[in-house]
> 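So that we are looking at the same thing, I have put the structure below in structure tokens.
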Number of protein chains: 4
Amino acid sequence: MNTPNQDRRSQRARQAILDAALEICREKGLGKASMEEIARRAGVGKQTIYRWWPSKAAVVQEAINEAAGDVTDFPDTGDVRADLRTQMTAVVTLLANPRFTPFTSLIGVAQDDPEAARAFLEGIVEPRVQACRERLRRAQEQGQLRTDADLDDVVELLYAPLYYRALLRNRPVAPEQVDEVLKLAFAGLAPVASQ
Amino acid sequence: MNTPNQDRRSQRARQAILDAALEICREKGLGKASMEEIARRAGVGKQTIYRWWPSKAAVVQEAINEAAGDVTDFPDTGDVRADLRTQMTAVVTLLANPRFTPFTSLIGVAQDDPEAARAFLEGIVEPRVQACRERLRRAQEQGQLRTDADLDDVVELLYAPLYYRALLRNRPVAPEQVDEVLKLAFAGLAPVASQ
Amino acid sequence: MNTPNQDRRSQRARQAILDAALEICREKGLGKASMEEIARRAGVGKQTIYRWWPSKAAVVQEAINEAAGDVTDFPDTGDVRADLRTQMTAVVTLLANPRFTPFTSLIGVAQDDPEAARAFLEGIVEPRVQACRERLRRAQEQGQLRTDADLDDVVELLYAPLYYRALLRNRPVAPEQVDEVLKLAFAGLAPVASQ
Amino acid sequence: MNTPNQDRRSQRARQAILDAALEICREKGLGKASMEEIARRAGVGKQTIYRWWPSKAAVVQEAINEAAGDVTDFPDTGDVRADLRTQMTAVVTLLANPRFTPFTSLIGVAQDDPEAARAFLEGIVEPRVQACRERLRRAQEQGQLRTDADLDDVVELLYAPLYYRALLRNRPVAPEQVDEVLKLAFAGLAPVASQ
DNA sequence: AAGTAACCGAGACGGTACGTCGTGTCTTCAC
DNA sequence: GTGAAGACACGACGTACCGTCTCGGTTACTT
């Protein structure tokens, strides 16, 4: 991620660090994880972590990103609402997966660490938003979405409720939410004429 | 907040602690604040903090809550959309206020600290959601809102985008967002017939 | 030794630290001792050491000084040569005692650490030299020592050879050396007339 | 100093290492010097140092020895006291020379490192003591020195005070000391008859 | 002239210790 | 018994070096 000679980097150490980081996060959460323990558990010198990552948040973000896979491609079956359902369900599934609790923790540390915020935004959020926005644009062209809607606003309207539950913990994160959100968002809150 | 004899409690100390906590959060963020420094700056023994609060998050939440004022009452002019606009604008204004950055930080620590999460939910979120839900119920009765919409889902749909921006920092938190959200949410994303 | 409130100081911790320090020095030498291990072995936080001593050398010097007892008083039987023999033998015995190996180690670190050098000189050497010089002065008055000899030079002439062996390790430190030194130093190296 | 093929050894690297070692010692003392920095400053890989020397003390001893020149020959003008004066003054001059501060540092590390002690004794001390002893033997034959004096004891009596001052730092190392020591040592401490 | 074996520079690696900061508990003294 | 003060055991921080270990690259000997 940073400066030294990438060629000589030990892949063994890198993988052990990412694995240890995720494991510890799963056990006690990112907040109570420590560089010290990651190093200990990975059988690695602390310096080896600091050489390649600036903070534990950066380590965990890389680990999470790797674990999540390269899912930046957005489905396109021709039916935007179905595609959104697919993709949003994937997001909910991830947010609900205990293996991915560090995901929301990363958003947590970002609140007090601008660098972590930037990294999360650039590394995680923006690529996915970009893909979604692109899909929505095509939907507009195909007459499946209002054309007077700002696409960034649409993305926020659809995805924010999913994150909201994960972050605020007001209600459990569950796939049913996707249908609720899509129903409300597409139909609108205004009362129906016949009502 | 806890057990010892409330009557003999020093109001001077309590206020100094809350003030110091907010001040430090403003300077360096909740993450880098420490009990040590709060005590030092408040001119108070550490024990005095630990006696009355379980963690720095609890201190800060109390401070924030006090600073926010008891605004749990929701406006009701008869026009729900206007009332939502008023209330949501107030939320955005608070989220954008540098004095209230610890607000999102509290959501941050909640990701790794179930007790903080519970306290935030009970102490901050739920009373306000409750008031909003009540207002929306009246709107349904008055035919200003679809009756087939779950009110909790509606609250999430409207407010989540505001929190989303504050927490993800993808775009600046600004009052214009309120109008965008209301427009989209009430009209719905589906293309208009004439389009 | 330094600044914080001496009254509240834990005597338990102080003694445990001094004991642990000496024990470790005996096992592996001052050079390979570490603050970390002293703390660990004393069952004490590192901070507690750093609060009261500036370096491991300072800890060990205090421990050594305490172990050596307050032997700053010089014997005075009326026979200066006998008194020197007594006192110098005590020095040799100490230098030869495995319990006191840190003593020469302290002189060792002083070579690279002016503060340690100053502390050793003031805390250990000077009080003893002072006592010796005083005894020699009385000897001069009683006609047992040349009056044209600078007393500091005399002290050095007598004691330096003892330290020399301990520090250079050229020959084992042994009490016989005392008699050799006294014989040579008092009689002088010049050939005897009758020779 | 050790095993690999001496023929293929890079003289450039060797000299750069010795130079860098002395330079760093002069700047911050042997204690705060590090292999890391010697290598860096010499423009040399760490391995290249470890290949030829077992420790930084060994490097510095070799550097010092080289800088001191091969002065193992003892002057012999026929007047032993004059010759001692010459030689001892040379020692004092060296001890007082800032370029040679690592000299006493080497004695310092020897206190905790038997291997360094052995190397220093064999490589530095013994050859010089041997030369001195030889000169003293001739002096005895010529009736310039008591014949009942053990020569090793004599060497120690004369030279120890010089080292004493350098190591204990009680008084500044200065050439005048040589005359004081010779005067006292040759004349003896016993009071003169006429006094 | 090609092959090969060594030393060389560089620097990543698993470690240990550094000296500092913050934690939450504790004890002491003043009010 | 509350409150200011702060010492305490503990654990983590991020950095500096340790000594070992590959990596090319460059000689300088072999064949």
Side-chain angles (χ1 to χ4, degrees), chain A residues 4-14 16 32-40 42-52 54-56, chain B residues 4-10 12-14 16-17 32-40 42-52 54-56, chain C residues 4-14 16 32-40 42-52 54-56, chain D residues 4-14 16 32-40 42-52 54-56:
Chain A
N5 189 336
Q6 287 281 1
D7 297 347
R8 298 188 179 272
R9 184 167 186 184
S10 159
Q11 287 309 312
R12 206 206 96 266
R14 177 175 178 278
K32 278 154 198 154
S34 72
M35 288 298 223
E36 204 101 357
E37 190 174 1
I38 296 174
R40 206 181 309 132
V44 137
K46 278 199 285 178
Q47 196 64 257
T48 301
I49 309 187
Y50 284 109
R51 199 171 358 245
W52 304 106
S55 67
K56 69 179 175 185
Chain B
N5 189 338
Q6 287 281 0
D7 299 346
R8 311 194 55 170
R9 182 168 187 185
S10 157
R12 205 205 97 267
R14 175 175 178 280
I17 289 164
K32 280 154 197 157
S34 70
M35 289 299 225
E36 204 101 357
E37 189 173 4
I38 296 174
R40 204 182 311 131
V44 137
K46 282 199 290 177
Q47 196 63 267
T48 303
I49 308 186
Y50 283 110
R51 196 163 8 238
W52 303 103
S55 67
K56 69 180 175 184
Chain C
N5 190 337
Q6 286 281 1
D7 298 346
R8 296 188 179 273
R9 182 167 189 184
S10 158
Q11 288 308 311
R12 202 206 99 266
R14 177 176 178 277
K32 279 155 198 153
S34 72
M35 289 297 224
E36 203 101 356
E37 190 174 2
I38 296 174
R40 205 180 309 133
V44 137
K46 280 198 285 179
Q47 196 67 259
T48 301
I49 309 185
Y50 285 109
R51 202 175 350 251
W52 304 106
S55 66
K56 70 180 176 184
Chain D
N5 189 337
Q6 287 281 0
D7 299 345
R8 312 194 55 167
R9 182 170 187 183
S10 158
Q11 288 308 310
R12 206 206 96 267
R14 177 176 178 277
K32 279 155 198 156
S34 71
M35 289 297 225
E36 205 101 359
E37 189 174 4
I38 295 174
R40 205 181 311 131
V44 136
K46 282 199 287 177
Q47 195 64 267
T48 303
I49 309 186
Y50 285 109
R51 204 178 345 252
W52 303 105
S55 68
K56 70 180 175 186

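Chain naming here is simple, since letters A, B, ... match the order of the sequence lines and numbering starts at 1 in each.
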> Can you say whether a donor on the side chain of R8(D) sits under 3.5 Å from an acceptor on the base of dC7(E), or the other way round?
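Check fails, no donor-acceptor contact within cut-off.
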
> Round to a whole Å and report the spacing from CZ of R9(C) to P of dA9(F).
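Taking CZ of R9(C) and P of dA9(F), I get 12 Å after rounding.
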
> Nearest whole Å is fine: how far is dT27(E) C1' from N5(C) CG?
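Between C1' of dT27(E) and CG of N5(C): 12 Å.
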
> Nearest of dC8(E), dG3(F), dT23(E) to any side-chain atom of R51(B)?
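So the side chain of R51(B) is nearest to dG3(F).
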
> Are any of the side-chain heavy atoms of W52(A) and R9(A) separated by less than 4.5 Å?
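Answer yes - side chains close enough.
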
> Is there, by distance only and without an angle test, a donor paired with an acceptor across the side chain of K46(B) and the base of dG6(F) below 3.5 Å?
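Result: no qualifying N/O pair found.
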
> Between A13(D) and V44(D), what is the shortest heavy-atom contact and its length?
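Taking every non-hydrogen atom into account, CB-CG2, 4.0 Å.
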
> From the options dA12(E), dA7(F), dC13(F), select the nucleotide whose nearest atom is closest to the side chain of P4(C).
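The answer is dA7(F).
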
> Nearest to the side chain of Y50(D), heavy atoms from C-beta on, is which of dA17(E), dC17(F), dT20(F)?
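The answer is dT20(F).
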
> Send over the distance from M35(C) CE to dC10(F) C1', rounded to a whole Å.
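It is 17 Å, rounded to the nearest whole Å.
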
> Taking for each residue the nucleotide of DNA chain E bearing the nearest heavy atom, is the 5' side occupied by Q47(C) or by T48(A)?
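It is T48(A) whose nearest nucleotide is closer to the 5' end.
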
> Roughly how far, to the nearest 0.5 Å, is the CE atom of M35(C) from the CD1 atom of I38(C)?
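So the gap between those two atoms works out to 6.0 Å.
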
> Measuring from atom CD of E37(D) to atom NZ of K32(D), what distance do you get when rounded to the nearest 0.5 angstrom?
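So the gap between those two atoms works out to 12.5 Å.
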
> By the 4.0 Å heavy-atom rule, please label D7(C) as base, sugar-phosphate, or nothing.
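It contacts nothing in the nucleic acid.
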
> In this structure, how many angstroms lie between the P atom of dA4(F) and the CD1 atom of I38(B), rounded?
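In whole Å, dA4(F) P and I38(B) CD1 are 14 Å from each other.
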
> Could you tell me whether R14(A) contacts a base, only the sugar-phosphate backbone, or nothing, with contacts defined as non-hydrogen atoms closer than 4.0 Å?
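R14(A): no heavy atom of the nucleic acid under 4.0 Å.
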
> Does a nitrogen or oxygen in the side chain of W52(B) sit under 4.0 Å from OP1 or OP2 of dG3(F)?
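Yes, such a contact exists.
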
> Atom CZ of R51(C) and atom OG of S10(C): how far apart are they, to the nearest 0.5 Å?
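The CZ atom of R51(C) sits 10.0 Å away from the OG atom of S10(C).
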
> NZ of K32(B) versus C1' of dC13(F): gap in Å, rounded?
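Checked: the NZ to C1' distance equals 13 Å.
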
> Return the 5'-most residue of the pair V44(D), E37(B) with respect to DNA chain E, ranking by each residue's nearest nucleotide.
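This one resolves to V44(D).
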
> Looking at R12(C), I'd like to know whether one of its side-chain N or O atoms comes within less than 4.0 Å of OP1 or OP2 on dC26(E).
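No, no such contact exists.
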
> How close or far is atom P of dG14(F) from atom CD of E36(A), stated in whole angstroms?
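One finds 10 Å between P of dG14(F) and CD of E36(A), rounded.
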
> Starting at the 5' end of DNA chain F and moving along, which residue's nearest nucleotide shows up first, S10(B) or A33(A)?
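The 5'-side residue here is S10(B).
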
